[in-house]
Engineer: 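Just passing along the structure, written as structure tokens.
Note that these values count all heavy atoms, side chains included, but never hydrogens, waters or copies made by symmetry. Below, read A as the first sequence line, B as the second, and so on, with proteins coming before strands; counting in each chain starts at 1.
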Number of protein chains: 2
Amino acid sequence: MKSGPTIQDIAASAGVSKSTVSLVLQESPRIKAETAEKVREAARSLGYVYNRGAAALRGRRSTTIGMVINDLTNPFFVELLVAIERVLAHAGYTTLMAHTAESVATQTRVLRSMREQNVAGLIMSPALGTDDELPGEIQSWGIPLVLVMRPMGVDVDTVGVDNGYGFALATQHLIEQGHTRIAFAGNRKGYAVANQRREGFVSAMAKHELPVADEWIIDVELTPEGGRKAVRSIFEMKPRPTAVVCYNDQVAIGVLHELDRMGKRAGKALAVVGCDNVVAAEHTNPPLTTLSAGADKLGTIASETLLARLSETADDEKPTVQYFAVPVLVVRESSVGGGSHHASATSKARRGYERTEGN
Amino acid sequence: MKSGPTIQDIAASAGVSKSTVSLVLQESPRIKAETAEKVREAARSLGYVYNRGAAALRGRRSTTIGMVINDLTNPFFVELLVAIERVLAHAGYTTLMAHTAESVATQTRVLRSMREQNVAGLIMSPALGTDDELPGEIQSWGIPLVLVMRPMGVDVDTVGVDNGYGFALATQHLIEQGHTRIAFAGNRKGYAVANQRREGFVSAMAKHELPVADEWIIDVELTPEGGRKAVRSIFEMKPRPTAVVCYNDQVAIGVLHELDRMGKRAGKALAVVGCDNVVAAEHTNPPLTTLSAGADKLGTIASETLLARLSETADDEKPTVQYFAVPVLVVRESSVGGGSHHASATSKARRGYERTEGN
DNA sequence: CTGAAAGCGCTTACAG
DNA sequence: CTGAAAGCGCTTACAG
């Protein structure tokens, strides 16, 4: 903790008061250009480093923003984090990062720490099981909050995805491929986002008057391992579903993998759709059909929502932002080429997949 | 920026001085238990939040640590970040996160920002092309620095991997599978880590008196896209390599994917080895053989190295840490089952891979 | 065992 | 256009 020169040192070196130095550093137009240049020169030659902590203490404002993420093992949240950090850095803010790994206890600890660090605002993707009162409590601390991906009511700025629409779209796509028995993998009980996604799936099935057996709604962990379990369940069902809509790409990757282990291929033996369009979905074998809402876009909007909040004054307060991106379906090989008997001929032709070497 | 109660308010409420409050908050044994309890009760009922910024300013120490990462699109670095954040949080530090995306300019900006934020220490995985003088410069700021994954000389604490050993090990494994023509994908010019990895590969080939054609050392981006290009190159070579050692898992995933597109299977048509053992390597199709040094372990050691530096006093200064983990090879299907003609029979038997459904 | 005082490095009215 | 003064919320010798 060696401490370098302060504005006092610059003031002495430039022959002005520290008030003047402070104003120059803030690029105030009140200081004569000539004086300003003299001060800047002194700062440069002394190797001065601005102390944001001191400025925040005195000026009662902060330039750090807390980012609380529930699951960094999911690349989607990493993409979101990267986008947010980029936008905030560009706006002159530094990002305090914390990972909760879905632990509410860790989240509580982390939020206290961020409050002590005096963050100007918070972007949070809450851990599963977070108390509904938490957003209100955070706001009562006077810290603007933007929730990402996991909505918790209309009283807090929220940026997420229209999950119901997306999962209906995904299901519709599978129905168009000729599938009539479709499973949903990743139904976690009491978890709002899983409910939305399941409802989207169920509504599309209902719209086409297709029944949904209870066992087709599969409750597994939202990980590749969960996806693997789902596949094993599906292949024990009689008659078994010929397609599966997965909670997210992590689950879908597990599904693709378990199929491969069984010597089967996604798209042929079982049509598979994921959600998030993580970068890796393009390079899975076979490539994964998935819903895309754009992590980069969502992160940008979340950041901008928070930045807008930070720059608004008490009397021009804007209404709460509730932004839900409309996903698109990116169709790749994992969902085409199989399907019911009468559909398989056409979809096989579409597949564009050829083995040029036997095995 | 609404400001809550301060130690002054607690002092008034508890009927003591703010010195006493401060000492109680620091759990000083100098304060009588009875008084301390009274103070804590007052703090609780006022909803007091400790102001770390003010404490850092006055006490000349800080509890934030900066983490500068070159590439978060690579899951390995995410695993590293998560481990580091966990250990630091446990030790009472908050992590300031910044992503440079391999841009030296961004890195410069980010380091200035972290210095202004008065970080107690820095953990950095430098961007490609970082000037050799940078670590020395950072240390001259009085900020302890730990370099991860990318060594830049012996004068700075460094935690990384013994790449030469690892890549020799990977190459040795392929030779044992009967391969004699082996390619190396991901040789970036002028990049120290790529040089180490290539040298490991070359040395193992030399040890077995196997020639290495120039064209087998393939210079591609260190991404899945680079891996795909490498495969296309390999299949144009005559005679072509039957195995490839990849710079990392990202490249290897691209290799697996391009092979699949060509209707070929890794392990049969081309043996593939990666490096990093990212979580996803377990779920690729086929599963990826890869070098593992343990992101979690490396992150833990890097954090502990920094924490040790932070707690040492001027006169018990320890020598520079140069820790290079010895990787192990995790053998999965991508590297077994193919190979030269006389080896293929045995390795096929070892493979444990069966297609139960034709395609 | 506790309190009064000085001060960390800044910013911001206010005065001139 | 510039400076003197007060103060942000803490900590830390020092005195008693």
Side-chain angles (χ1 to χ4, degrees), chain A residues 1-40 42-43 46-64 92 115-120 141-142, chain B residues 1-40 42-43 46-64 92 115-120 141-142:
Chain A
M1 207 85 296
K2 117 162 134 203
S3 39
T6 70
I7 56 169
Q8 192 64 269
D9 301 314
I10 300 176
S13 159
V16 296
S17 74
K18 66 193 173 96
S19 312
T20 301
V21 174
S22 178
L23 290 168
V24 170
L25 294 175
Q26 295 172 70
E27 300 184 36
S28 161
R30 285 166 50 197
I31 306 298
K32 202 165 38 163
E34 199 184 333
T35 313
E37 190 41 53
K38 199 169 56 182
V39 168
R40 272 191 287 267
L46 291 173
Y48 172 74
V49 176
Y50 187 68
N51 183 329
R52 286 199 186 280
L57 179 58
R58 177 57 236 242
R60 302 169 143 286
R61 58 200 152 58
S62 134
T63 57
T64 70
R115 203 179 166 199
E116 291 182 357
Q117 298 283 358
N118 189 30
V119 292
W141 300 344
Chain B
M1 210 80 298
K2 117 164 137 198
S3 40
T6 70
I7 56 169
Q8 191 64 269
D9 300 315
I10 300 177
S13 160
V16 297
S17 74
K18 66 193 173 96
S19 313
T20 302
V21 175
S22 178
L23 290 169
V24 170
L25 294 176
Q26 295 171 70
E27 301 183 36
S28 162
R30 286 167 48 197
I31 306 296
K32 201 167 34 163
E34 197 185 335
T35 314
E37 189 43 52
K38 200 168 57 180
V39 168
R40 272 191 285 267
L46 290 173
Y48 171 74
V49 176
Y50 187 67
N51 183 331
R52 286 198 185 281
L57 178 58
R58 178 55 236 245
R60 302 168 143 285
R61 56 198 155 58
S62 134
T63 57
T64 69
R115 203 179 165 198
E116 292 181 356
Q117 299 283 358
N118 189 31
V119 292
W141 299 343

Engineer: Take atom CG of B:Asn118 and atom C1' of C:dG9, then tell me their distance rounded to the nearest Å.
Structural biologist: 11 Å
Engineer: Do B:Val16 and B:Val21 pass the side chain to side chain contact (heavy atoms under 4.5 Å, CB included) test, and can you show the C-alpha distance, the side-chain angles, and the key distance before you say yes or no?
Structural biologist: CA-CA 7 Å; B:Val16 297; B:Val21 175; 3.8 Å; yes
Engineer: Indicate whether OP1 or OP2 belonging to C:dT2 is found under 4.0 Å from a side-chain N or O atom of B:Thr20.
Structural biologist: no
Engineer: Which donor-acceptor pairs under 3.5 Å do the side chains of residues 4-15 of chain A make with protein atoms, sequence neighbours left out?
Structural biologist:
| residue | atom | partner | partner atom | Å |
| --- | --- | --- | --- | --- |
| A:Thr6 | OG1 | A:Gln8 | N | 3.1 |
| A:Asp9 | OD2 | A:Thr6 | N | 2.8 |

Engineer: Mind checking whether B:Asn51 and A:Leu57 have side chains closer than 4.5 Å, heavy atoms only?
Structural biologist: yes
Engineer: Determine the minimum heavy-atom distance between B:Thr63 and B:Arg52, stating which atoms define it.
Structural biologist: OG1-CD, 3.3 Å
Engineer: Check for a donor-acceptor pair, side chain of B:Ser62 on one end and backbone N or O of B:Ala56 on the other, with a separation under 3.5 Å.
Structural biologist: no
Engineer: What pattern of brackets, bars and dots sums up DNA chain D from 5' to 3', given Watson-Crick or G-U wobble pairs under 3.5 Å, [ ] for crossing pairs and | for another strand?
Structural biologist: |||.||||||||.|||
Engineer: For nucleotides 10-16 of chain C, give me one character per nucleotide, 5' to 3': B if any protein heavy atom sits under 4.0 Å from the base, S if the only such contacts are to the sugar-phosphate, - if neither.
Structural biologist: BBB-B--
Engineer: Below 3.5 Å, can you tabulate the donor-acceptor pairs from side chains in residues 29-39 of chain B to any protein atom, sequence neighbours excluded?
Structural biologist:
none

Engineer: Of all residues at least two apart in sequence or in a different chain, which pass the side chain to side chain donor-acceptor pair (under 3.5 Å) check with A:Ser22?
Structural biologist: A:Gln26
Engineer: Can you name the residues that form a side chain to side chain contact (heavy atoms under 4.5 Å, CB included) with A:Arg115, not counting sequence neighbours?
Structural biologist: A:Trp141, A:Ile143, B:Val49
